[in-house]
Amino acid sequence: MTDPLDVAGLQRRLADFAAARHWQQYHTPKNLAAALSVEASELVEIFQWLTPEESARVMADPDTAHRVTDEVADVLAYLLQLCEVLGIDPLAALDAKIDRNERRFPI
């Protein structure tokens with residue numbers, strides 16, 4: 001199993017999974033971005049009608065916590081696959097974005 005903190009290893013594992021099933025043809029930037037949006041919407045759906053207080057306690061219920069965790073994993077999987085297809089280093093992209101935000105929104 002791949003170290004969960006190794007983004008490149010997870011991307012390879014996802015690519016190997018897709019290749020073994022001949023799914024690469026479907027992993028276009030458009031399709032991956034659409035799938036990412038769908039999975040993010042499924043995550044939002046869990047929280048849709050909760051109060052702010054209820055949403056803060058969502059992980060206290062094991063069934064709901066499992067659903068949230070699965071949807072987070074789906075969102076991350078599609079994001080990592082999209083980054084792989086587009087040649088984006090997701091950690092470098094996030095680091096650069098934080099730098100820009102720190103300059104844009106000073107303390």
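This structure is a prediction, so every number in the text was calculated from the model and none was measured. Just so you know, these numbers use all the heavy atoms, side chains as well, and skip hydrogens, waters and symmetry mates. Quick note: residue numbers are just sequence positions, from 1.
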Problem set entry | Chi angles and distances behind the side-chain hydrogen bond (donor to acceptor under 3.5 Å, both in side chains) call for His27, Asn31 | CA-CA 6 Å; His27 288 190; Asn31 288 350; over 6 Å; no
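- Looking at Leu82 and Pro29, their side chains come closer than 4.5 Å, going by heavy atoms from C-beta outward.
- Note: Gln81 CD to Leu76 CG = 10.0 Å, rounded to the nearest 0.5 Å.
- Judged as a ring pair (Phe, Tyr, Trp, His ring centres under 6.0 Å), and not counting sequence neighbours, the contacts of Phe17 are Trp23.
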Exercise. Is there a side chain to side chain contact (heavy atoms under 4.5 Å, CB included) between Leu43 and Val72 once you walk through the steps?
Worked result: CA-CA 7 Å; Leu43 179 60; Val72 166; 4.2 Å; yes
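- Interatomic distance, Arg100 CZ to Ile98 CD1, rounded to the nearest 0.5 Å: 10.0 Å.
- Both Leu86 and Leu79 are members of a single hydrophobic cluster when ILVMFWY side chains are connected at heavy-atom separations under 4.5 Å.
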For this session: List the steps, then state whether side chain to side chain contact (heavy atoms under 4.5 Å, CB included) holds for Val7 with Gln11.
Result: CA-CA 6 Å; Val7 173; Gln11 286 176 304; 3.9 Å; yes
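- How far CZ of Arg67 is from CE of Met59: 11.5 Å, rounded to the nearest 0.5 Å.
- To the nearest 0.5 angstrom, Glu84 atom CD is 11.5 Å from Leu10 atom CG.
- Cluster membership check: Phe105 does not share its hydrophobic cluster with Leu94, using side-chain heavy-atom separations under 4.5 Å among Ile, Leu, Val, Met, Phe, Trp and Tyr.
- Nearest heavy atoms, Ala93 versus Ile88: CB-CG2, 4.0 Å.
- Considering CD of Glu42 and CD of Glu39, their distance stands at 4.5 Å, rounded to 0.5 Å.
- Atom OH of Tyr26 sits in a sparse spot, with 12 or fewer heavy atoms from other residues, nucleotides or ligands closer than 6.0 Å.
- Residue-environment remark: CZ (Arg21) exceeds the threshold of 12 foreign heavy atoms within 6.0 Å.
- Note: Arg12 CZ to Leu80 CG = 12.0 Å, rounded to the nearest 0.5 Å.
- For Ala77 against Leu14, the heavy-atom pair with the smallest separation is O-CD1, 3.7 Å.
- Between the side chain of Ser37 and the backbone N or O of Ala33, no donor-acceptor pair lies under 3.5 Å.
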